[in-house]
Amino acid sequence: MSGVAVVTGAGSGVGRAVARDLLEAGYRVALAGRHADTLAETATGDDVLVVPTDTRVEEAVVALFAAVRERWGRVDVLFNNAGTNVRATPVEDFSLGQWSKVVDTNLTGTFLCAREAFRTMRDQDPRGGRIINNGSVSAYAPRPDAIAYNATKHAITGITKSLSLEGRRYGIACGQIDIGNAATPLTERMGQGVLQADFTTAPEPTMDVADVATAVRYMAGLPLEANVQFMTVMATAMPLVGRG
């Protein structure tokens with residue numbers, strides 16, 4: 001039988017591309033996200049489980065992993081992908097509501113999913129599995145006017161390292177993929193121009209989101225004795241190197 005993967009934020013963008021790629025590669029895939037209709041659009045084939053889930057809610061995340069164990073008995077891969085952002089806002093104008101929206105989804109949701117995956121992978125037989133966190137190039141080269149997104153993506157790196165360290169006891173590997181300008185509905189504005197480090201506005205190139213899916217599938221498919229700790233996949237000509 002193929003491995004079992006859980007993909008959060010699977011209703012669109014990177015999550016949809018990764019989920020479909022894993023299904024094509026023979027994985028049994030649980031699709032998690034807030035909207036049942038978009039998850040249903042992602043689903044292809046028979047080896048798929050749609051579980052509408054708000055990853056910000058502890059009970060919902062616990063129920064997600066219980067549903068996967070009930071269906072397939074284990075979890076081999078978690079692609080911890082669900083995330084959000086708010087409109088570009090200078091720090092002095094950033095509201096607590098904006099901050100909480102981003103932190104609850106990007107950080108708390110990532111923690112909750114990682115914790116439940118970790119518990120499952122620790123207790124299953126055979127033991128072990130792999131967690132892949134979706135970071136961002138903003139984890140080390142932040143954009144202006146995005147303090148909450150930048151802070152949470154830096155924090156994802158801390159979660160990744162913590163899971164890697166603690167996972168050694170149980171055969172659980174954890175890595176992080178940092179993506180730059182994958183072409184999704186969220187990056188359509190890149191072509192019209194986005195704020196740069198010198199506070200000018202300029203268009204930026206994007207890359208095919210399918211290339212991100214290929215990278216995640218490679219990370220997922222490694223034997224547990226090997227791990228991609230950090231991988232950056234980005235549009236070749238985006239203004240990242242040297243930014244700031």
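This structure is a prediction, so every number in the text was calculated from the model and none was measured.
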How long is the gap from CZ on F230 to OG on S164, to the nearest 0.5 Å?
7.0 Å
Side chains of N80 and T110: is there a donor and an acceptor less than 3.5 Å apart?
no
Residue pair R127 / R122: nearest heavy atoms and the distance that separates them:
NE-O, 2.9 Å
Please check if Y27 and F65 belong to a single hydrophobic cluster, counting links between Ile, Leu, Val, Met, Phe, Trp and Tyr side chain heavy atoms closer than 4.5 Å.
no
Connected via hydrophobic side-chain network under 4.5 Å: V228 and V18
yes
Closest non-hydrogen contact found for T206 with M190 is CG2-CB, 4.0 Å
N/O donor-acceptor pair under 3.5 Å between S100 side chain and G97 backbone
no
With the threshold set at 4.0 Å, does a side-chain nitrogen-carboxylate oxygen contact exist between E204 and R143?
yes
Is it true that a side-chain atom of R34 and a backbone atom of G11 form a donor plus acceptor pair closer than 3.5 Å?
no
Any donor-acceptor pair under 3.5 Å linking the side chain of T152 with the backbone of Y149?
yes
D198, CG atom: more than 12 neighbouring heavy atoms under 6.0 Å
yes
Looking at CG of L64 and CG of L112, how far apart are the two atoms once the value is rounded to the nearest 0.5 Å?
11.0 Å
Residues T160, T157; criterion side-chain contact (heavy atoms from CB on, under 4.5 Å); working and verdict:
CA-CA 5 Å; T160 298; T157 300; 5.5 Å; no
Could you give the distance from OG1 (T232) to CD (Q176), rounded to the nearest 0.5 Å?
8.5 Å
Quick check: closest heavy atoms across W99 and F94, and the distance to 0.1 Å?
N-CE2, 3.5 Å
Cationic N near anionic O, under 4.0 Å, E24 to R217
no
Do the non-hydrogen side-chain atoms of M231 and D178 ever get within less than 4.5 Å of each other?
no
Take E58 and R115 through the salt bridge (Lys or Arg N to Asp or Glu O under 4.0 Å) test and state the conclusion after the steps.
CA-CA 10 Å; E58 183 175 22; R115 186 189 66 182; 2.8 Å; yes
For the student: nearest non-hydrogen atoms of P144 and Q196, plus distance
CG-O, 3.3 Å
Step by step, would you call N81 with T8 a side chain to side chain donor-acceptor pair (under 3.5 Å)?
CA-CA 5 Å; N81 166 72; T8 67; 5.2 Å; no
What is the distance from atom CZ of F111 to atom OG1 of T55, rounded to the nearest 0.5 Å?
12.5 Å
Check: Q229 side chain, C174 main-chain N or O, donor-acceptor pair, under 3.5 Å:
yes
Would a distance-only check, ignoring hydrogens and angles, find a side-chain to backbone donor-acceptor pair under 3.5 Å from D76 to G3?
no
Has the side chain of R56 got a donor or acceptor atom that lies under 3.5 Å from a matching backbone atom of K101?
no
Side-chain heavy atoms nearer than 4.5 Å, only ILVMFWY residues, links allowed to pass through others: does that put W72 and V51 together?
yes
Scanning both residues in full, the closest heavy-atom pair of A114 with L163 reads CB-CD1, 3.7 Å
Do you reckon L39 sits in the same ILVMFWY cluster as V14, going by side-chain contacts under 4.5 Å, direct or chained?
yes
Quick one about T42 and R16 (side-chain donor to acceptor, distance below 3.5 Å, no hydrogens or angles considered), yes or no?
yes
Would the distance check show the side chain of T184 and the main-chain N or O of G13 forming a donor-acceptor pair, the cut-off being under 3.5 Å?
no
Do V4 and V77 come within less than 4.5 Å of each other through their side chains, counting heavy atoms only?
no
Does the side-chain contact (heavy atoms from CB on, under 4.5 Å) test come out yes or no for N150 and S138, once each step is laid out?
CA-CA 6 Å; N150 295 332; S138 291; 3.6 Å; yes
M207 and V233: which non-hydrogen atoms are nearest, and at how many Å?
CE-O, 3.2 Å
Starting from V29, can I reach L49 by hopping between I/L/V/M/F/W/Y residues whose side chains sit under 4.5 Å apart?
no
Is there a donor-acceptor contact under 3.5 Å linking the side chains of T89 and Q98?
yes
Using atom types as modelled and distance alone, determine if a side-chain donor or acceptor of N133 lies under 3.5 Å from a backbone N or O of G135.
no
How long is the straight-line distance from OH of Y140 back to NZ of K153, given to the nearest 0.5 Å?
12.5 Å
Stepwise side-chain contact (heavy atoms from CB on, under 4.5 Å) check, I179 with I177
CA-CA 6 Å; I179 302 166; I177 186 165; 4.1 Å; yes
So, the side chain of N181 versus the backbone of P205: is there a donor-acceptor pair under 3.5 Å, distance only?
yes
Rounded to the nearest 0.5 Å, what separates atom CZ in R189 from atom CG in L195?
9.5 Å
Just to verify, which of V75, L224, L78, I172 counts as forming a side-chain contact (heavy atoms from CB on, under 4.5 Å) with R130?
L224
Under 3.5 Å, is there a donor-acceptor pair between the R69 and T120 side chains?
yes
